[in-house]
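Sequential numbering from 1 along the given sequence is applied to the chain's residues. What's counted below: heavy atoms across the whole structure, side chains too, no hydrogens, waters or symmetry copies.
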Amino acid sequence: METLTQPQTTKYSLTELTSYFLKLGTLGFGGPVALIGYMHRDLVEDKRWISEDEYREGLALAQLAPGPLAAQLGIYLGYVHHGIWGATLTGLAFVLPSFVMVVLLGMAYKLYGGLPWMQSVFYGVGAAVIGIITLSCYKLTIKSISKIELQAIKSRWILWISFFTMALVTAITQREEVWLFILLGFIYMVVKAPPEWLQRRDTSLSVILLAGTGFWQYEPDELVKLGLFFTQAGAFVFGSGLAIIPFLQAGVVGEMGWLNEQQFLDSVAVAMITPGPVVITVGFIGFLVSGFAGAAVAALGVFLPCFVFTVLPAPYFKKISKNASIKAFVDGITAAVVGALVGSVIVIATRSIVDIASAILAVVTILALIYFKKLQEPYIIVAAALIGFCLKTYL
C-alpha cells in the first residue's frame, strides 16, 4: 500500500477559519464538487490548517450522513479543532452569503415575473462550471486514491475499482446509493485491515448506528408545511446538493404544487449561478412560497439536520478513525465518494454541455485554470456569464 507523508498542520484561530468560510460562501462557485475541491486546495494544501487524514475523515462522514455534502464537510472541518463553536460559525458563515443572494433574487423574481435573462447567463456559467468541477475531480482523485501511474494504480487497484464502480452507478442511475458506499468501504477494510472481530469466531458482532415582493407575506400553515417538508429533505436525502434536486422537484412541483415546472427550473438556475452550496435553492423556493419567513424556514429545515448529523458523530468518528480497520474503511468510502462525484459531473455535463460552443467554453475553462495558476474561479464565472449572455442574445 502506498504511503503518503502528511505535512505538519499550522495553527489558526476560529476567526480566521470563519472568515475563510464567509469568503468561500461569497465567492465559491461551481457546486458541491468544486466547493469540496476548494476546501482541500485552500485548507489542506495551501494553508495547512487541516491534515489530509482529517479532510478525508470529514469527506467520508459527510457522505455517510444525510444532507448537502459541501455544507457537512465545512461543518466537520470547523469542528476538527474548534468543536461545536467552530462547526456552528463555519456552517453559518458558509451558508449565509448565498442565502442573502437567493432572497434578493427571489425579490427580483417576484417583481419582474421571471428571469428570462438567466437562461442565457446560465448557458455560459454552466459550461464553465463543468470545466471547474472536472479539474477539481481530477485533483481529488489523485489525492484521495493515487497518482495516475501504473505502479500506484496497481498498489491501490481495489480503490480504483470502487472509484469506477461508483462513477458508473452514479452516472447511469443519477443517484448516490449510500449502501454501496458502505459496502465498498467494508470490502476494502476486510481486504486491507480486517478488524479483530472478523478474525475471532467466539465473539458476536454489535453494531451501533449513530443515530412588495412579498417579503413579509406568509401563511402560518404554509410555514409549517415548508418546515416539515424541507426538514424531511435535509434528514433523508444523502449525497451532494445535486442529489436533493429530484426530491425537491417531486415534492415542490408534484406533491405540494407550490411552484410550476418553469419556476422550479428557474430556482435551480438561481442556485447554480450563485456561490455557496447548491442546496441553497431551498431559500429561493421558500421565498416564492412564503416570503422571507418561508426562505428562512426552508433553509433552516434543510441545514439543521445536516448540522446535527455531522456534529453528533464527529467526536466518536475522530477517535476511532485512527484504528487501522477504520482507516481502511474510510479509504474505501473515500474512493467511492470521489467516484460518485465524477459520476455527478457526467450527469451535470449532459445537461449543461448542449452544443459545440458550450463544449469549447468548458475546455477553455479547464485550460485556463491549468495554465494560469493565479486565475480565480469567480472571474471565470463572470466572463462565462457575459459570453453566454452575448451568444444567446445577439447570435
Side-chain angles (χ1 to χ4, degrees), residues 9 12 17-18 20-25 27-84 86-98 132-133 136-137 139-141 143-144 176 178 181 185 234 237-244 275-280 302-315 317-318 321 330-331 333-342 344-345:
T9 57
Y12 60 95
L17 187 65
T18 304
Y20 168 78
F21 275 99
L22 189 63
K23 180 181 178 183
L24 183 64
L27 300 174
F29 290 91
V33 182
L35 289 170
I36 65 175
Y38 299 154
M39 291 181 208
H40 186 276
R41 179 195 66 190
D42 298 337
L43 299 180
V44 179
E45 295 177 354
D46 296 343
K47 298 179 184 295
R48 294 187 178 180
W49 290 349
I50 304 294
S51 72
E52 186 73 40
D53 281 346
E54 289 166 342
Y55 176 88
R56 293 172 70 184
E57 290 158 12
L59 184 59
L61 177 58
Q63 188 62 59
L64 287 173
L69 181 67
Q72 287 171 297
L73 179 57
I75 290 168
Y76 182 86
L77 296 181
Y79 183 90
V80 167
H81 296 136
H82 291 282
I84 296 294
T88 304
L89 292 178
T90 55
L92 285 173
F94 186 42
V95 172
L96 192 59
S98 54
I132 292 171
I133 61 180
S136 295
C137 277
K139 290 180 178 179
L140 274 174
T141 300
K143 277 287 182 183
S144 301
E176 293 174 347
V178 68
F181 289 116
V237 176
F238 290 82
S240 69
L242 299 168
I244 207 173
V278 172
V279 78
I280 200 61
V302 165
F303 286 105
L304 186 57
C306 143
F307 177 85
V308 172
F309 287 131
T310 303
V311 168
L312 282 184
F317 197 80
K318 187 172 177 62
S321 63
V330 170
D331 285 342
I333 288 181
T334 302
V337 169
V338 178
L341 294 177
V342 171
S344 296
V345 173

Do [X] and [Y] have side chains that get closer than 4.5 Å, going by heavy atoms?
X	Y	value
Lys23	Phe94	no
His81	Ile50	yes
Gln72	Leu61	no
Leu69	Leu73	no
Ser51	Val44	no
Phe307	Val95	no
Phe303	Ile280	yes
Thr310	Tyr79	no

Of the non-hydrogen atoms in [X] and [Y], which two are nearest, and what is the gap between them?
X	Y	value
Gly28	Leu35	O-CD2, 3.3 Å
Cys306	Pro68	CB-CD, 3.9 Å
Gly58	Tyr76	CA-CD2, 3.2 Å

Between atom [atom1] of [X] and atom [atom2] of [Y], what is the distance when rounded to the nearest 0.5 Å?
X	Y	atom1	atom2	answer
Arg41	Lys47	CZ	NZ	10.0 Å
Leu89	Ile75	CG	CD1	11.5 Å
Leu59	Met39	CG	CE	10.0 Å
Phe21	Leu77	CZ	CG	5.0 Å

- [ ] Any chance you could lay out the side chain to side chain contact (heavy atoms under 4.5 Å, CB included) test for Ile36 and Tyr55, step after step, and finish with the verdict?
- [x] CA-CA 10 Å; Ile36 65 175; Tyr55 176 88; 3.7 Å; yes

- [ ] May I ask you to decide if the ring planes of Trp49 and Tyr12 are parallel, tilted or perpendicular, using 30° and 60° as cut-offs?
- [x] parallel

